[in-house]
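Below is one structure, written out as structure tokens; the observations come after it.
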Amino acid sequence: MTLIKSISGIRGTIGGKVGDNLTPVDAVKFASAYGTFLKQNTAKDKLKVVIGRDARISGPMIHNLVVNTLVGLGIDVIDLGLSTTPTVEIAVPMEKADGGIILTASHNPKQWNALKLLNAKGEFLSGADGAKILEIAEAEAFDFADVDALGEVTENHAYMDIHIDEVLELPLVDADLVKTKKFKVVVDGVNSSGGIIIPNLLEQMGVEVVKLYCEPNGHFPHNPEPLKEHLGDICKLVVEEKADFGIVVDPDVDRLAFISNDGEMFGEEYTLVAVADYVLSKTPGNTVSNMSSSRALRDITEKHGGTYQASAVGEVNVVELMKKTNAIIGGEGNGGIIYPSSHYGRDSIVGAALFLTYLANQNKTVAEIRASFPQYFMSKNKIELTPQIDVDTVLATLTEKYKSENISTIDGVKIDFPTEWVHLRKSNTEPIIRIYTEAPTQNEADVLAERFVKELKKIAGI
């Protein structure tokens, strides 16, 4: 059980003691800090915030606490109810709101929930703003509204439909072409809001949808992180249904993974690679992903005459570098597609629509498309942290040991060897060190990962 406070919001497990877990008191405290921050930094008499949540079991409780805390601060709330992270992101500027909160712990299991905080552009807060909110929360420097100045709540449950409409209007999304292909797709919505919005999008594009775990009741039927070891059911069903492919999203629908027509994982790293190949073929330009993402995006970008750059891990860092380099598309290797023509946020709805259009333009199966890309293999590992471990010292020791190699310390430590790389960093969202490796074969990636797990444990004395 734990509570993680970071510049991107607050995340924790439900129940337990105040300050150690995401209790009702902690939810109110951080909603108060966010609302106070907006009041201090927005020159308006009346503020407005958009709120939406995923389908996890604790959602309604946390949602009511956060909504009414903002009302108590004198802030008006546009309540989207059950929604997705990218849907809230597009709603904020459409509503001319001053910020937004998404109540979701993303890919974390059902006992977790979180407050993800947005600015007036519908983008994640900067590190500096996040730090200010943490300071306000720590000081409990809140000033609530008197009875005549309380905020008002307006419910608007149409935004998932509005979001689909926005996506279908994108110039590179061709629903008419997709309709002619009569695709059949299996969708795993992990019993959250993706089980509503993804099938609706696909049906509007003329796709036959086979639903798997699309009941938004918050009872996740498997670990909600869209990794191979969690997705046996959909891999099997894609083959049984003779489907063209499968789509998997996480509970808040900002991560997108595909299952090829042969029941094999397309590879979450290759979601962005495939969509970028299509987008860059129509609108050449630059790309950005984080430094834990596959080299394959660099290869595809250079094929289309663009320049690739890597940012520190974290959506806000990817977006910042995308803006600096005027990137046409970018994202993260965890299946997060960021397409600025829509908005600067990871969006599975945009990703799915672009991929369907890409597939409709190719006379290939999904498995054949996957085989056409540069082949890299990743190994993703983690080490659980205890309070006694000094992560900075551990990483500094490794940096010194490998100083003769091509090293980046922008975000943890990344060591680029000639044909493979390893990236070691402390997670922003869980008490772990992540160890990502990539190499030309799975065996080489696994061996490299095992080597660095052992080295880390030895230095840390685990």
Side-chain angles (χ1 to χ4, degrees), residues 1-2 4 8-15 21-22 52-63 82-88 102-116 160 185-199 210-238 246-259 265-269 271 292 313 315 331-337 345-349 351-352 380-382 384 427-432 434:
M1 293 297 191
T2 189
I4 300 169
S8 57
I10 178 175
R11 179 182 299 235
T13 48
I14 299 298
N21 310 83
L22 185 54
R53 65 176 179 86
D54 70 13
R56 62 187 64 231
I57 299 162
S58 61
M61 176 189 75
I62 299 293
H63 180 264
L82 193 63
S83 193
T84 78
T85 288
T87 304
V88 177
I102 308 130
L103 305 170
T104 174
S106 195
H107 62 273
N108 288 62
K110 71 175 183 179
Q111 66 268 33
W112 289 79
N113 212 329
L115 280 66
K116 285 186 177 181
M160 286 203 278
V185 177
V186 180
V187 176
D188 178 351
V190 72
N191 285 343
S192 190
S193 40
I196 300 171
I197 196 166
I198 297 292
V210 179
K211 294 182 184 180
L212 176 68
Y213 309 135
C214 287
E215 196 64 45
N217 56 28
H219 292 282
F220 304 149
H222 53 76
N223 184 309
E225 190 164 13
L227 303 177
K228 180 177 183 177
E229 56 267 32
H230 308 146
L231 301 176
D233 291 352
I234 186 171
C235 290
K236 189 176 160 200
L237 194 56
V238 166
I247 290 178
V248 184
V249 291
D250 64 339
D252 70 325
V253 204
D254 63 356
R255 286 176 63 172
L256 176 65
F258 300 130
I259 313 299
M265 292 293 294
F266 191 80
E268 59 173 359
E269 289 291 330
T271 303
S292 276
V313 173
E315 186 170 325
E332 298 188 284
N334 59 13
I337 306 288
R346 294 183 304 177
D347 191 331
S348 297
I349 298 92
K380 299 184 179 184
N381 297 269
K382 56 191 177 186
E384 300 285 339
S427 170
N428 293 328
T429 56
E430 297 174 74
I432 57 175
R434 296 190 186 277

- request: Side-chain contact test, heavy atoms from C-beta onward, threshold under 4.5 Å: evaluate it for Leu103 versus Leu115 and give yes or no.
  value: yes
message: A side-chain contact here means heavy atoms from C-beta on lying under 4.5 Å apart; do Lys382 and Ser427 qualify?
response: no
message: Checking Thr84 against Asp252: is there a side-chain donor and acceptor pair closer than 3.5 Å?
response: no
field: Heavy-atom side-chain proximity of Ser106 to Arg11 below 4.5 angstrom
entry: yes
message: Within this structure, what is the CD1-CD1 distance for the pair Ile4 and Ile10, rounded to the nearest 0.5 Å?
response: 10.0 Å
message: Using the rule given for side chain to side chain donor-acceptor pair (under 3.5 Å), can you reason through Asp54 versus Thr104, listing the C-alpha separation, both sets of side-chain angles and the distance that settles it, and then say yes or no?
response: CA-CA 6 Å; Asp54 70 13; Thr104 174; 2.7 Å; yes
- prompt: Do the non-hydrogen side-chain atoms of Leu212 and Val187 ever get within less than 4.5 Å of each other?
  reply: no
query: Hey, is the main chain of Arg255 close enough, under 3.5 Å, to the side chain of Ser348 for a donor-acceptor pair?
result: yes
- prompt: Just by modelled atom types, is the Pro251 backbone N or O under 3.5 Å from a matching donor or acceptor in the Ser192 side chain?
  reply: yes
message: Within the 4.5 Å heavy-atom criterion, are Ile196 and Leu82 side-chain neighbours or not?
response: yes
message: Do the side chains of Lys116 and Glu315 get close enough for a salt bridge, i.e. N-O under 4.0 angstrom?
response: no
query: Is there a side-chain contact between Asn113 and Arg56 (heavy atoms, below 4.5 Å)?
result: yes
- prompt: Taking atom NZ of Lys380 as the centre, does the number of heavy atoms from other residues, nucleotides or ligands within less than 6.0 Å exceed 12?
  reply: yes
task: Mind checking the CG-CD1 spacing from Leu231 to Ile259? Nearest 0.5 Å is all I need.
output: 5.0 Å
statement: Distance col, row Tyr213:OH vs Asp233:CG, nearest 0.5 angstrom, shows 3.5 Å
Identify each donor-acceptor pair in which a side-chain atom of residues 214-223 lies under 3.5 Å from a protein atom, sequence neighbours left out, and give them as a table.
residue : atom : partner : partner atom : Å
Asn217  : OD1  : His219  : N            : 2.9
His222  : NE2  : Asp188  : OD2          : 2.7
Asn223  : OD1  : Glu225  : N            : 3.0

query: Can you name the side-chain contact (heavy atoms from CB on, under 4.5 Å) partners of Pro109, sequence neighbours left out?
result: Gln111, Trp112
